[in-house]
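Here is the structure we will look at.
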Amino acid sequence: MKANLTVKGIFGSGMVLQRNKINCIYGTAAGYTDIMLTFRGVTSITQSDEYGNWKLEFSPGEAGGPFEMVIKADDERIDYSDIYVGEVWVSSGQSNAQLPMERMKFTYPQEFALPENPNIRMLTVPIRWALDGEKDSFEPGTINWKAASPETLGEMSGTAYFFAKKLSAELDVPVGIINASQGGSPIASWLSKSALEEMGDKSELLNQLEYYENPENISKKQRDVAEAQKNWDFDLNRHCVFPDTESNEGWHTCTIPGYLDELKSAGVIWIKKDITLTAEQVSHFNSQKTWLWMGTIIDADSAYVNGSQVGNTPYCYPPRRYEVPSGLLREGHNVIILKIQKNRKEGAIRFYEEKPYCLFTEGVYVAPTAVRNIERHEESLFPLDGEYIDLKGEWQFFIERTIRDCPDQVFFEWMPTALYNGMLAPCFKYAVAGALWYQGESDAGRAPEYKAMLVKLINLWRHKFVYGSKDLPFVVVQLPNFSDGHGEDTAVVNGGWAEIRQVQSDAAEIAGRTGVAVTIDAGEWNDLHPEKKKTVGSRAAMEALRIAYGKSFISAAPKADVCELRDGKYFVHFDCGNSGLVSYRVTENDVADFAKEDPVVHGFSLLYEHRGEYICVEAEARLLDTSNVEVNLLPEYGKLKELRYLWADSPNPVNLYSQNQLPAMPFRIKVE
């Protein structure tokens, strides 16, 4: 017999329901059928309409769990188990909102050692795009709510996990996260068509959408892209053979870390390093889990140890952390070799400083990221039976072949409305307490447009999440420091990420009931996907506690609110809430020493205009007291246009914090 009873949306076993609010569950059944829902001993009844559609509103009550839910229609029933009631938040954005804990298992090994925590639950919304309107459900079997445990943690968004962990601990209730995020997605992919139309200046996006609303145009583009990629892959790899690693003929010397720019086009290049191991070292390597770390590589690579492949990565962003199987390393001469694929003529293959390049056993501690903020790594001594071989220094390279640039890819999930329709819309009838937004990297360079679109997104989601409050609390993660590996600055004329940070702050003020999690010290200048997600998630949770739960004792990050010019100096007052300013000493490595204070404040700069040219120079500043900073002017540079603080894509160092260790928010003030 055909089953008529279905539940749509994102409901399932293991879910968290929003406490103390009206919740809604909906689906289909045979026409004019009585639907009964039983939860926590209370039964609610409704009837499907002539088309079989039904919905039931109910209150799940106070926080608690686990509970069971039964939905019946005639002789059909659906059972959900292991249900908790607590706080539910949507977490959305692009890759840094999506980045799973698996990527961070070396940064947070202690989290993977924790027992299951039933109070932290997450639904990772299936990646799906749609250009033909809002969807209301997903394919059967794709909705899987999971509690945090050693077995499931790796799949969870790092930002959302630490957000939920902090929120759950502070509120002492279960927290459920609806993680709807996708790497690379611009903000337009999370907006509706009607929202774009209402903005009035989005003809370029709407024209693109109109073209791809035709399925035939999608199919044609997919065929063309696939065919071009297939031909390029064939031309790239044909006649490629594993090089002779025993001979140095044809090989040239290079240094890692550093630039490898001898390949002037797209193509394939091999790099190798010879190492010599003792019998004792080999015994240690082969009796323990062994790792080969090689930083990040543009664009793709395959890694080999003594001729056997130990791993490969098809794109540029993930850190290369490959496990070396037991038995591959041997006494005496060993060869580590990487086949590197470069997709574009522009740029160089670069092995960044501050990344680890090493071969080591699992008992040896290797810091996976550079230490720049309050989040310190738990260093340990090398064990007596552990092995660590530093691979920095001289390597050799061999250019296999050159080729035309890789054809452009088309990501339909990045199209306007695509993720709003496919991933977000099925969540709209789920009762939520708030939304966490971590996005903006893909919109750097379009700051004025982004500001208007972010305000529109906040208002749109508040309207569409009908079982949330009308002023649904939002927390926006302000972009961290990142400079695409091109160095760090204090004073720059233009900065795409700096502009986005400013408009994120501006949009939050316009939208109201929106907090900003300042993460200017939680990025990595040479990595688009920083791993310090504990800092990000915890700070976002503090903002949620402040704006959504009335925890007035929690202060926002210090924010400049008054700036006065007196006696050739600017005096900047910061609103620190219940906290106050602290300026920390900066070490020789440009790292803030959180154990020592120093009145010198780094990061202030001045923008001048001189004969039609703009120049930005670093300014001397010092902390006067727990609320005020004094900034010296430099009038000889020309007409002053702006006073700035941390106005660069990756400003360094950062040493001005609140007493509760939140960095002061970057800003710029235009001088009249």
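This chain uses plain numbering: 1 for the first residue, then up along the sequence.
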Does Phe571 have Arg566 sitting over its ring (NZ/CZ under 6.0 Å from centre, angle to axis within 45°)?
yes
Are Lys355 and Glu524 within salt-bridge range, i.e. N to O under 4.0 Å?
yes
Classify the angle between the aromatic ring planes of Phe106 and Trp293 as parallel (below 30°), tilted (30 to 60°) or perpendicular (above 60°).
perpendicular
Are Leu436 and Val477 close enough that some pair of their side-chain heavy atoms sits under 4.5 Å apart?
yes
Going by atom types only, do Ser627 and Asp625 share a side-chain donor-acceptor pair under 3.5 Å?
no
Dump the intermediate steps for salt bridge (charged side-chain N to carboxylate O under 4.0 Å, His left out) on Asp593 and Arg585, then the final yes or no.
CA-CA 5 Å; Asp593 184 347; Arg585 185 179 72 87; 3.0 Å; yes
Exam field: side chain Thr514 to backbone Ala511, donor-acceptor pair closer than 3.5 Å
no
Quick one: does any side-chain atom of Ser157 pair with a main-chain N or O of Ala160 as donor and acceptor, under 3.5 Å?
yes
Hydrogens and angles aside, do Ser658 and Asn660 bring a side-chain donor and acceptor to less than 3.5 Å of each other?
yes
With no hydrogens and no angle check, do the side chains of Thr535 and Glu375 hold a donor and an acceptor under 3.5 Å apart?
yes
Quick one: CH2 on Trp437 to OG on Ser181, what's the gap to the nearest 0.5 Å?
9.5 Å
For Phe162 and Tyr108, I'd like to know if the aromatic rings sit close, meaning centre-to-centre distance below 6.0 Å.
yes
Quick one: does any side-chain atom of Ser192 pair with a main-chain N or O of Ala195 as donor and acceptor, under 3.5 Å?
yes
Does any donor atom in the side chain of Asn96 or Glu441 lie under 3.5 Å from an acceptor atom in the other side chain?
yes
From CA spacing to verdict: salt bridge (charged side-chain N to carboxylate O under 4.0 Å, His left out), Arg344, Asp408
CA-CA 10 Å; Arg344 295 282 188 275; Asp408 291 334; 3.2 Å; yes
Is the ring centre of Tyr657 less than 6.0 Å from the ring centre of Phe594?
yes
Return yes if a side-chain donor-acceptor contact under 3.5 Å exists between Tyr322 and Asp301, otherwise no.
yes
When Ile340, Ile349, Ile297 are each screened for side chain to side chain contact (heavy atoms under 4.5 Å, CB included) with Ile271, the one that passes is Ile340
Sidechain N-carboxylate O distance under 4.0 Å for Arg501, Asp506:
no
With ring pair (Phe, Tyr, Trp, His ring centres under 6.0 Å) as the test, would you mind laying out the steps for Trp89 and Phe163 before giving the verdict?
CA-CA 10 Å; Trp89 281 70; Phe163 175 84; 5.3 Å; yes
Would you please say whether a donor-acceptor pair under 3.5 Å links the side chains of Gln94 and Ser442?
yes
So that I can tick it off, tell me whether Asp471 and Arg513 are bridged by a salt bridge, with the cut-off set at under 4.0 angstrom between side-chain N and carboxylate O.
yes
Does Ser92 use its side chain to pair, donor to acceptor, with the backbone of Ala180 at less than 3.5 Å?
yes
Would you say Gln504's side chain and Leu479's backbone share a donor-acceptor pair under 3.5 angstrom?
yes
Evaluate salt bridge (charged side-chain N to carboxylate O under 4.0 Å, His left out) for Lys639 paired with Glu609, printing each intermediate quantity in order.
CA-CA 5 Å; Lys639 183 179 180 181; Glu609 182 183 10; 5.5 Å; no
Can you tell me if Gln439 uses its side chain to pair, donor with acceptor, with the backbone of Ser185 under 3.5 Å?
yes
Between Trp414 and Gln182, is any side-chain donor less than 3.5 angstrom from a side-chain acceptor?
no
Asp575 and Lys559 ion-paired at < 4.0 Å
no
Using a distance-only test with no angle check, is there a side-chain donor-acceptor pair under 3.5 angstrom linking Asn655 and Ser583?
yes
Run the numbers on Tyr420 and Trp190 for ring pair (Phe, Tyr, Trp, His ring centres under 6.0 Å), then give the verdict.
CA-CA 4 Å; Tyr420 170 89; Trp190 297 101; 8.8 Å; no
Residue pair Val617 / Leu634, side-chain heavy-atom distance below 4.5 Å:
yes
Does a side chain donor of either Thr107 or Glu531 reach within less than 3.5 Å of an acceptor in the other side chain?
yes
Who are the salt bridge (Lys or Arg N to Asp or Glu O under 4.0 Å) partners of Glu262, not counting sequence neighbours?
none
Side-chain heavy-atom pair Arg321, Pro368 within 4.5 angstrom cut-off
yes
Residues in side chain to side chain donor-acceptor pair (under 3.5 Å) contact with Lys392, at least two apart in sequence or another chain:
none
Looking at Glu394, is its backbone amide N or carbonyl O close enough to the side chain of Lys273 to form a donor-acceptor pair, meaning the two atoms are under 3.5 Å apart?
yes
Taking atom types as modelled, find out whether Glu499 and Tyr450 have a side-chain donor-acceptor pair closer than 3.5 angstrom.
no
Does the Asp598 side chain pair with the main chain of Tyr584, one donor and one acceptor, at a distance under 3.5 Å?
no
Please work out which of the three classes, parallel, tilted or perpendicular, describes the rings of Tyr357 and Phe351, given edges at 30° and 60°.
perpendicular
Do NZ/NE/NH1/NH2 and the carboxylate oxygens of Lys105 and Glu111 come within less than 4.0 Å?
no
Can you find a heavy atom in the side chain of Arg546 that is under 4.5 Å from one in the side chain of Glu543?
yes
Output yes when a side-chain donor or acceptor of Asp649 lies under 3.5 Å from a complementary backbone atom of Trp497, and no otherwise.
yes
N/O donor-acceptor pair under 3.5 Å between Arg539 side chain and Val518 backbone:
yes
Looking only at side-chain N and O atoms, does Asp489 offer a donor or acceptor that is under 3.5 Å from a partner on Ser650?
no
For salt bridge (charged side-chain N to carboxylate O under 4.0 Å, His left out), just list the numbers for Glu642 and Arg644, CA-CA rounded to whole Å, side-chain angles, deciding distance to a tenth of an Å, and then say yes or no.
CA-CA 6 Å; Glu642 292 180 0; Arg644 299 170 164 188; 2.8 Å; yes
Whether the Tyr315 and Gln341 side chains hold a donor-acceptor pair (N or O, under 3.5 Å, no angle test) is what I'd like checked.
no
Please examine the side chains of Tyr645 and Val629, heavy atoms only from C-beta on, and report whether any two atoms are closer than 4.5 Å.
no
Is there a side-chain contact between Arg622 and Val600 in this structure, where contact means two heavy atoms from C-beta onward sitting under 4.5 Å apart?
no
A side-chain contact here means heavy atoms from C-beta on lying under 4.5 Å apart; do Tyr317 and Asp527 qualify?
no
Gln478 and Tyr438, any side-chain heavy atoms less than 4.5 Å apart
no
Does the distance from a Lys or Arg side-chain N to an Asp or Glu carboxylate O, for Glu630 and Lys569, drop under 4.0 Å?
yes
